[in-house]
Amino acid sequence: MDVALVAKTLFIFAVIMLVFAPLMTWVERKQSALMQDRIGANRADIFGITAIGLIHPVADVIKMITKEDVIPAGAHRLLHTLCPLIAAVPAAISFAVIPYGGSYSAWGAHWSLVVADLDYGLLYVFAIGSIAAYGTVLAGWASNSNWGMLGSLRASAQMLSYEVAMGVSVLGIFMVFGSLRMTDIGVGQQETFRLLGFLEHLGWVAPGTRWVDWVTIPAWGIVLQPLGFFMFLAALMAENKRPPFDTPEGESEIVAGYFIEYSGMKFGLFFMAEWIEVVVIAGLMTALFLGGWSLPWISDQELIGWLSVPFGPNLANLLAMVVNVSVFFVKLCFMIWVQQILRWSLPRFRYDQVMHLGWKILLPLSLVNILVTAILILLVDELAS
Amino acid sequence: MSEYAGLGLFMALGAGTILLLLVLTSVLGPRLRFAEKDEPFECGESPLVSPYRRFPVKFYMVAISFIIFDLEVVFLYPWAVVFRDLGWYGLLVAAPFLSMLSIALAYEWMKGALEWD
């Protein structure tokens with residue numbers, strides 16, 4: 001195991017688990033406060049310094065760890081203890097295949113900024129994400145509580161339904177980029193296509209007309225698969241059981257659903273899983289639909305090429321890495337913001353509406369999306385050849 | 001192989017952190033047990049019925065449909081990856097499969113398996 005591999009793994013793990021996960025608790029409160037015209041979390045302090053509520057995540061963790069861990073009578077003690085683990089670990093480890101930067105070489109070393117560049121990339125996320133469903137479903141079942149049982153029944157049906165929609169809605173991306181490897185999809189999105197190129201192909205303007213080349217669009221997933229973007233986001237959010245899809249918890253109907261009998265950090269782990277999952281969803285959407293780590297219209301080679309002129313090739317690679325990683329995290333934060341806005345804007349769906357959306361809207365629409373994508377790809381390839 | 005080394009390290013870190021939090025909460029938390037606290041929560045009442053009883057068959061239907069559709073989706077993945085190389089032939093070959101998927105969905109819909117009342 002070389003140093004670069006350990007360094008990049010530790011870096012992304014620290015960013016996700018030690019920066020984004022605690023920060024999400026703060027973002028959640030501050031965002032709700034902003035949207036509901038309140039001040040929000042601002043009381044926890046160290047020697048009188050509140051730092052706009054940024055100390056709350058620390059206070060939360062300390063509080064939750066020092067709370068009593070109650071296992072109700074008649075509960076399955078082993079499963080009750082294991083379930084937070086089964087729910088939280090998949091969320092924590094699914095970021096491994098999401099590339100947060102391109103590949104660079106400087107001073108004879110070569111590295112690519114993804115923990116595991118698996119050729120079945122996204123399948124790993126799906127496989128790991130499905131395991132989290134066990135944690136949710138068994139948590140309610142193992143706590144010997146009627147509310148918990150109702151919550152886990154709802155969770156089981158909802159997560160199964162949306163897994164189908166999730167799998168089909170992202171299929172268009174694989175057809176367009178022809179790969180499951182996340183870095184291939186990232187590199188594929190650095191290309192641009194000429195919006196007016198069809199005029200040339202149809203013979204309406206002479207080949208080589210200069211103004212045809214002026215209007216170009218980056219080949220991002222959201223441009224090539226606009227419907228897929230919204231369907232995949234909806235399916236992922238439903239899979240994460242966050243509002244407006246939080247019927248398994250539904251505090252106004254079934255009190256807290258599947259984690260009703262949990263306390264202390266075991267309870268906290270379910271929330272931690274949700275928040276890390278928000279970050280993972282943002283990462284997935286960024287990598288698949290928003291061009292990943294690259295700036296729009298600028299490919300990695302171009303960026304490194306431009307930076308090489310004043311700085312030389314080695315330093316240029318390092319600078320390009322900094323730029324790309326920053327771009328990735330800006331996009332990631334944007335997608336987190338989108339999810340938070342949706343979470344605090346929309347009221348919770350009724351349960352039959354959730355199932356209706358999954359089976360009767362998302363699934364047929366994504367099947368149509370596959371068909372339309374297939375025909376469009378073939379037509380464009382035909383024209384281009 | 002280096003991919004799996006990174007993946008293994010990442011998994012170990014993730015599982016280790018979560019496990020540490022679980023162990024910490026059970027070590028550091030106080031212990032004060034009595035019968036009322038151990039009772040499962042039911043809005044202040046003693047639970048009248050056990051949660052382990054029969055549940056609506058709807059959930060079973062969803063699980064069955066999930067297995068069928070998810071398997072079919074898994075079959076579509078390799079097709080999607082090589083779709084551009086296959087060209088029109090690929091679409092022609094997958095069309096019966098896709099239409100069977102759609103017909104199955106339509107049938108299920110018509111039979112009312114997707115209704116929640």
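In what follows, chains carry the letters A, B, and so on, assigned in the order in which the sequence lines appear, proteins first and then strands, with residues in each chain numbered from 1.
In terms of heavy-atom pairs under 4.5 Å with chain B, the best-connected choice from A/G264, A/A273, A/A75, A/G178 is A/G178.
The parts of A/P364 that come within reach of chain B are both its backbone and its side chain, each placing non-hydrogen atoms under 4.5 angstrom from that chain. The part of A/M272 that comes within reach of chain B is its side chain, from C-beta onward, which places non-hydrogen atoms under 4.5 angstrom from that chain. Residue contact with chain A, scored on non-hydrogen atoms closer than 4.5 Å, involves the backbone and the side chain of B/F66 alike. For A/L160, the parts sitting under 4.5 Å from any heavy atom of chain B are the backbone and the side chain alike. At a 4.5 Å heavy-atom cutoff, the contact between A/F95 and chain B is made by backbone and side-chain atoms alike. With a 4.5 Å cut-off on non-hydrogen atoms, B/L98 touches chain A through its side chain but not through its backbone. With a 4.5 angstrom heavy-atom cutoff, B/L105 touches chain A only via side-chain atoms. For A/L367, the part lying near chain B is the side chain, with the backbone staying farther off; criterion is any non-hydrogen pair under 4.5 Å. Heavy atoms closer than 4.5 Å to chain B are found in both the backbone and the side chain of A/V164. With a threshold of 4.5 angstrom between heavy atoms, A/L123 approaches chain B through side-chain atoms but not through N, CA, C or O. Both the backbone and the side chain of B/W88 come within contact range of chain A, judged by heavy atoms closer than 4.5 Å.
Side-chain atoms of A/D69 and B/T25 form no donor-acceptor pair, as typed in the model, at a separation below 3.5 Å. When only modelled atom types and interatomic distance are considered, A/S161 and A/W359 share a side-chain donor-acceptor pair under 3.5 Å. In this structure, a donor-acceptor pair under 3.5 Å is absent between the side chains of A/E68 and A/S263.
Within residues 70-77 of chain B, the residues having any heavy atom under 4.5 Å from a heavy atom of chain A are, by residue number, B/D70, B/V73, B/L76, B/Y77.
In A/K67, the NZ atom is not crowded: 12 or fewer heavy atoms of neighbouring residues, nucleotides or ligands sit closer than 6.0 Å.
A/R77 is linked by a salt bridge (Lys or Arg N to Asp or Glu O under 4.0 Å) to nothing, counting only residues two or more places apart in sequence or in another chain.
For the pair A/R154 and A/Y351, the cation-pi test (distance below 6.0 Å, angle within 45°) is passed.
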When the side chains of residues 9-18 of chain B are checked against the rest of the protein, which donor-acceptor pairs come out under 3.5 Å, sequence neighbours left out?
unit_1: B/T17; atom_1: OG1; unit_2: B/L13; atom_2: O; d: 2.6

Which side-chain N or O atoms in residues 165-177 of chain A pair as donor and acceptor under 3.5 Å with protein atoms at least two apart or in another chain?
unit_1: A/S169; atom_1: OG; unit_2: A/A165; atom_2: O; d: 2.9
unit_1: A/S169; atom_1: OG; unit_2: A/M166; atom_2: O; d: 3.2

